[in-house]
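Encoded as structure tokens, the structure appears first; notes follow it.
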Amino acid sequence: MLQSKLFTKTVKDAPKDEVAKNASLLIRAGFIDKTMAGVYTYLPLGLRVLKNIEKIIRDEVNKAGGVEILMPSMQPKENWEKTGRWETMDDLYKISDSSGRESALGATHEEVVVPLVKKFVSSYKDLPLYVYQIQNKFRMELRAKSGILRGREFMMKDLYSFHKDEEDLKKYYEVMKQVYKNIFERAGIGNETHLTFASGGSFSKYSHEFQTITPAGEDTIYVCNDCGVAINDEIINEQKECPKCGKANFKTEKAIEVGNIFELKTKFTEAFDLKYKDEGGMDMPVLMGCYGIGLGRLMGTIVEIYNDDRGIIWPESVAPFDVHLILLNESLRSTSGEIYESLQKAGVEVLYDERMGKSVGEKFADSDLMGIPYRIVVSEKSMEKGGVEFKKRSEEESSIIKKEDILNYVKKVQ
RNA sequence: CGGGGCGUGGUGUAACGGCUAACAUUUCCGCUUUGGGAGCGGACGACUCUGGGUUCGAAUCCCAGCGCCCCGACCA
């Protein structure tokens, strides 16, 4: 993409209200724009990151048998009354039309997915079933905060699994643990992200969160020094030992909850009377699990972890582009144009800063701020030294490489 | 929802209750410049969040509302 076609601009000073690093950097670099408190527009650069995250999640979830659908944001009030959550869920947005008819804006989708599945599942032969979507959720946060980490409207991957018995649910629950591990690994935050025991499970007494350690976190977790899993506040108040290895040797950390997996068991299937016929023709309750990841929150978490005083440093797997190609001298426009074409032909995603009239300093500052993993500078100076300048955003040193060798240096991940 | 802070050009800031609301940056025009937000000259851009009040006079003081941020509570 030509940088001149980006309609966004970088800004030197972050809006003074934005204290959160993720919001400050993403706004300055032109990835997002705040529409109102807790509600953000994803601009061209930000959307590309979001799509990359989406791709990783979709890929891993599909491997685990997930079947993608798209459910509506507007949902019937009656369904929410059936589960009792029309009254009990405080952060549910309720909307009404001019005739006074009320609906809910989906804060989560059990109220839609269970009646949906009921229409198609009637036999043990129809189970198990794993459906998911990547879609916007609405939650009436009384206090939206921390940039895109806690919004009122946010994109979420929510998967719902349906099973004939506890054993099958348990089995899939373990599969999803691994899926989540893979996703966070691929998104570049594998080392910082800990499987965390939380309360709320049905048969195993626990649910699980995936918590990423960073000072920007709003949760406190206790990481076991012996086995590396963590427990949250709720659990440490109930017990003093690690649920996995039994030791009681924790270090306290601030963390962001990037994912959550939960056994719902029959909580919602009972409300909608979702049953199946077993081999003997008996009606049996369907068991459920649900599994969520907030995409924007994941993006914000990545920024919180990967930045320096000059800007963002994207992991290659989610970066908006692979290469930032920067032309400094008009005399080399055709040369850099050829490099641009050949990289694109090779499947490398390139942001090409071909703008003239911008100072070198400004171009470099923009590049550092945006955080694209590889920077290639085409200039008269680099040509005198024998090629183009190649530099990783994550490293300080640059090197001169021949333009024929560029592809060897730009290793494509994913 | 309780507590605190802040609302002035797109952005960041300034202005004693008193002149045409100032400066930087952005944007536009011209020239110059080309390896870390470069220089010179010119131009555009603000009913000072909204509504009341006090005053001869309000960006400035008072009240209310709205918005945004922070702490807390809440977060299947």
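Chain identifiers are assigned alphabetically (A, B, ...) following the order of the sequence lines, protein sequences preceding nucleic acid strands; residue numbering begins at 1 within each chain. Being a predicted model, the structure only gives us computed values, none of them experimental. These numbers come from the heavy atoms of this one structure, side chains and all, not from hydrogens, waters or symmetry mates.
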Which of B:rG35, B:rC70, B:rG37 is nearest the side chain of A:T10? It is B:rG37
*Between the base of B:rG36 and the side chain of A:D368, is there any donor-acceptor pair under 3.5 Å?*
yes
Report the C-alpha separation of A:E218 and A:K254 in whole Å, then their side-chain angles, then the decisive distance to 0.1 Å, and conclude whether the salt bridge (charged side-chain N to carboxylate O under 4.0 Å, His left out) test is met. CA-CA 7 Å; A:E218 56 179 6; A:K254 283 285 174 199; over 6 Å; no
For atom P, what is the distance between B:rG4 and B:rA46, given to the nearest Å?
36 Å
Side-chain atoms of A:R143 come closest, of B:rG37, B:rA73, B:rC69, to B:rA73
Roughly how many Å apart are B:rA58 and B:rU20, using the P atom of each and rounding to a whole number? 13 Å
Q: Could you work out the separation of B:rC16 and B:rU60 based on their C1' atoms and round it to a whole Å?
A: 9 Å
Q. B:rG12 and B:rU26: how far apart are their P atoms, nearest whole angstrom?
A. 15 Å
So, does A:K358 get its side chain near the phosphate of B:rU27, meaning an N or O under 4.0 Å from OP1 or OP2? yes
Item checked: Test item: A:P115 and A:N79 side chains (from C-beta on) under 4.5 Å apart, heavy atoms -> yes
With the side chain defined as heavy atoms from C-beta on, A:R85 is closest, among B:rG36, B:rA76, B:rC74, to B:rA76
| Flag for A:D158-A:Q135: side-chain donor and acceptor within less than 3.5 Å | no
Kindly state whether the ring of A:H208 and the ring of A:Y180 have centres lying under 6.0 angstrom apart.
no
Distance check: side-chain N/O of A:K34 vs OP1/OP2 of B:rC69, anything under 4.0 Å? yes
Do the rings of A:Y172 and A:Y130 sit parallel, tilted or perpendicular, given the 30° and 60° boundaries?
-> parallel
Among B:rG35, B:rG37, B:rC1, the one nearest any side-chain atom of A:V377 is B:rG35
Charged N to carboxylate O below 4.0 Å: is that the case for A:E397 and A:K392?
no
The nucleotide from B:rC75, B:rG35, B:rG7 with an atom nearest the side chain of A:S379 is B:rG35
Ranking B:rC75, B:rG35, B:rA73 by distance to the side chain of A:L142, first place goes to B:rA73
What interatomic distance, in whole Å, is found between P of B:rU13 and the corresponding atom of B:rC6? 13 Å
For A:S336 and A:Y352, which I'm curious about, is there any donor-acceptor pair between the side chains at under 3.5 Å?
yes
Separation of B:rC69 atom P from A:N22 atom CG, nearest Å, is 12 Å
Between B:rG3 and B:rC74, how far apart are the C1' atoms? Round to whole Å, please. 15 Å
If pairing means Watson-Crick or G-U wobble with both distances under 3.5 Å, then the partner of B:rC23 is B:rG12
Quick note, A:N329 side chain, CB onward, closest among B:rC70, B:rU34, B:rG36 is B:rU34
To the nearest angstrom, the NZ-P distance between A:K21 and B:rC70 comes to 15 Å
A:M89 has its side chain closest, among B:rG37, B:rA76, B:rC1, to B:rA76
Closest to the side chain of A:R139, out of B:rG35, B:rG12, B:rA76, is B:rA76
Taking a pair to mean Watson-Crick or G-U wobble geometry with both distances below 3.5 Å, B:rC6 pairs with B:rG67
Whole-Å distance, A:E362 CD to B:rA38 P, equals 7 Å
From CE of A:M156 across to P of B:rC75 the rounded distance in Å is 16 Å
Whole-Å distance, A:K16 NZ to B:rU11 P, equals 10 Å
Of the listed B:rC69, B:rG12, B:rA76, the closest approach to the A:D13 side chain comes from B:rG12
Taking a pair to mean Watson-Crick or G-U wobble geometry with both distances below 3.5 Å, B:rG17 pairs with none
Per nearest nucleotide of RNA chain B, the residue lying toward the 5' end, A:G361 or A:E18, is A:G361
Note to self: Can you see if the side chain of A:K381 gets near the phosphate of B:rG35 - specifically, an N or O under 4.0 Å from OP1 or OP2?
What the structure shows: yes
